[in-house]
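It should be emphasised that the depicted structure is a prediction, and the values quoted were computed from it without experimental measurement. These numbers come from the heavy atoms of this one structure, side chains and all, not from hydrogens, waters or symmetry mates.
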Amino acid sequence: MLDQNIFTETVREVSEIVRAAAEPLSREEILRYFDKMELNEAQKEMVLEYLLKLVETEDSEGSEETEDAELPDSQALRLYMEEIEGLSVYAQEALQRLYEELLKGDASVISQISESWMGKILEQAKRLSVAPEDFPDVVQEGNMALFMKLSELCGRDMKNGHQTGAGKGSEVDRAMAAVLVEKEIVENVEAAMKSYIQTMAGEDDVENTVVGKVTLVNEARRHLMEENGQEPSLCELAAYTKMAQNELRDMLDFIEKAEQREKDRG
């Protein structure tokens with residue numbers, strides 16, 4: 001019977017070979033490293049899924065990395081760094097065992113895995129284009145995504161997508177499934193952080209659009225008043241700014257309220 005530790009170690013070694021290879025390895029070349037192991041077809045597919053996906057992930061991360069990325073300086077981030085220093089960080093082999101316990105349904109390991117991942121999340125965030133003021137929030141978003149993913153994976157059969165007991169599946173199946181846990185965590189955490197960054201960018205775009213339109217309407221009012229000697233009508237403003245009258249009416253109402261607030265403060 002194939003030893004689980006030997007299998008897991010072989011997967012790690014081959015993953016390093018895949019990362020270092022100048023040219024992508026074919027399916028046949030990858031499976032050749034497992035020739036002496038009696039893997040069935042399903043196990044082979046699990047190995048290939050993990051290792052081939054690893055190449056895609058490495059390429060994606062490499063294109064986003066910036067040289068000598070520095071962490072922004074903020075009080076929230078300093079507190080986070082201090083918190084990391086006091087936590088237990090598990091070596092990969094120990095972390096792998098925790099993944100296996102998680103898949104067996106042991107929810108108590110979630111906190112241990114989460115602690116060990118806090119530094120990893122910080123490194124993932126560094127590879128993304130994050131504004132310094134948003135960096136702590138992005139990291140926190142990654143932490144929340146991690147906890148949710150670990151809760152989702154607790155007791156899950158990684159092969160069939162349903163809940164499973166501790167005794168189901170072969171040792172190799174469980175070892176390979178534990179390897180796949182890390183891939184899912186990386187992808188889910190990164191997706192959550194990217195989504196948050198895009199949301200923030202979208203809000204900035206909306207704000208910038210509103211500011212731009214307010215400026216345009218005010219400039220149009222000033223120009224038409226100078227030209228005609230009176231407050232321009234809605235129709236005149238619409239023709240000048242090329243904005244729909246309904247949108248322009250809302251914008252004028254926004255400007256009027258803003259001007260009134262200024263008067264009240266004065």
Side-chain angles (χ1 to χ4, degrees), residues 1-19 27 30-31 33-58 61 84 86-124 142-192:
M1 178 180 293
L2 178 61
D3 184 274
Q4 178 182 348
N5 292 329
I6 293 176
F7 172 76
T8 304
E9 186 58 35
T10 302
V11 170
R12 291 201 196 101
E13 289 175 357
V14 176
S15 70
E16 293 301 321
I17 294 171
V18 168
R19 286 190 179 99
R27 294 166 62 93
I30 291 173
L31 289 177
Y33 290 99
F34 298 88
D35 277 347
K36 295 181 180 180
M37 303 180 190
E38 296 179 357
L39 303 181
N40 60 36
E41 290 304 313
Q43 291 165 346
K44 289 178 182 178
E45 286 303 314
M46 290 178 72
V47 170
L48 288 169
E49 179 188 355
Y50 172 71
L51 293 173
L52 292 175
K53 184 66 177 179
L54 182 66
V55 177
E56 297 174 13
T57 304
E58 291 288 320
E61 290 178 354
I84 289 177
L87 297 178
S88 301
V89 177
Y90 294 91
Q92 189 62 35
E93 186 175 345
L95 199 54
Q96 193 76 11
R97 286 196 294 269
L98 291 176
Y99 293 153
E100 292 178 32
E101 293 303 312
L102 180 74
L103 294 177
K104 291 176 183 178
D106 185 357
S108 68
V109 301
I110 290 178
S111 61
Q112 295 170 274
I113 297 172
S114 297
E115 287 185 6
S116 198
W117 260 85
M118 290 181 73
K120 293 175 182 282
I121 288 174
L122 195 63
E123 290 302 315
Q124 279 188 273
N143 283 326
M144 289 189 293
L146 169 66
F147 181 80
M148 292 176 65
K149 175 54 68 173
L150 291 176
S151 300
E152 176 190 324
L153 291 174
C154 187
R156 190 211 279 184
D157 183 339
M158 294 292 287
K159 275 182 63 182
N160 302 313
H162 56 260
Q163 301 299 312
T164 184
K168 291 185 70 176
S170 72
E171 291 292 313
V172 171
D173 286 339
R174 291 200 295 272
M176 191 61 224
V179 171
L180 292 174
V181 166
E182 186 150 318
K183 179 174 73 71
E184 284 215 17
I185 293 173
V186 170
E187 292 172 353
N188 197 72
V189 167
E190 185 168 308

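Counting heavy atoms from C-beta outward, K44 and F34 have side chains that stay 4.5 Å or more apart. Between M118 and I121 the shortest side-chain heavy-atom distance does not fall below 4.5 Å. Using a 4.5 Å heavy-atom threshold, the side chains of E182 and W117 count as touching.
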**Message:** side-chain contact (heavy atoms from CB on, under 4.5 Å) for R27 and I30? Distances and angles first, verdict last.
**Reply:** CA-CA 5 Å; R27 294 166 62 93; I30 291 173; 5.9 Å; no

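Considering every non-hydrogen atom in both L150 and I110, the closest pair reads CD1-O, 3.8 Å. Of all the heavy atoms in A192 and A145, the pair that sits closest is CB-CB, 3.4 Å. Counting all heavy atoms, side chain and backbone alike, V109 lies closest to D106 at CG2-O, 3.1 Å.
No more than 12 heavy atoms of other residues, nucleotides or ligands sit less than 6.0 Å from atom OH of Y33. No more than 12 heavy atoms of other residues, nucleotides or ligands lie within 6.0 Å of CE in M148, so this atom counts as exposed by the packing criterion.
Put simply, SG on C154 and NZ on K149 are 13.0 Å apart, with the number rounded to the nearest 0.5 Å. Here the CD1 atom belonging to I113 is positioned 4.5 Å from the CG atom belonging to L102, to the nearest 0.5 angstrom. Here I185 contributes atom CD1 and L153 contributes atom CG; the two are 6.5 Å apart, rounded to the nearest 0.5 Å.
The existence of a salt bridge linking R97 and E100 is excluded, since no basic side-chain nitrogen approaches an acidic carboxylate oxygen closer than 4.0 Å. Between E184 and R156 there is a salt bridge, since at least one side-chain N of the basic residue sits less than 4.0 Å from a carboxylate O of the acidic one. We find that K120 and E123 are not joined by a salt bridge, their nearest charged nitrogen and carboxylate oxygen being 4.0 Å or further apart.
Looking at S114, its side chain never comes within 3.5 Å of a backbone N or O of F147 through a donor-acceptor pair. Checked by atom type and distance alone, the side chain of Q124 pairs as donor or acceptor with a backbone atom of V186 at under 3.5 Å.
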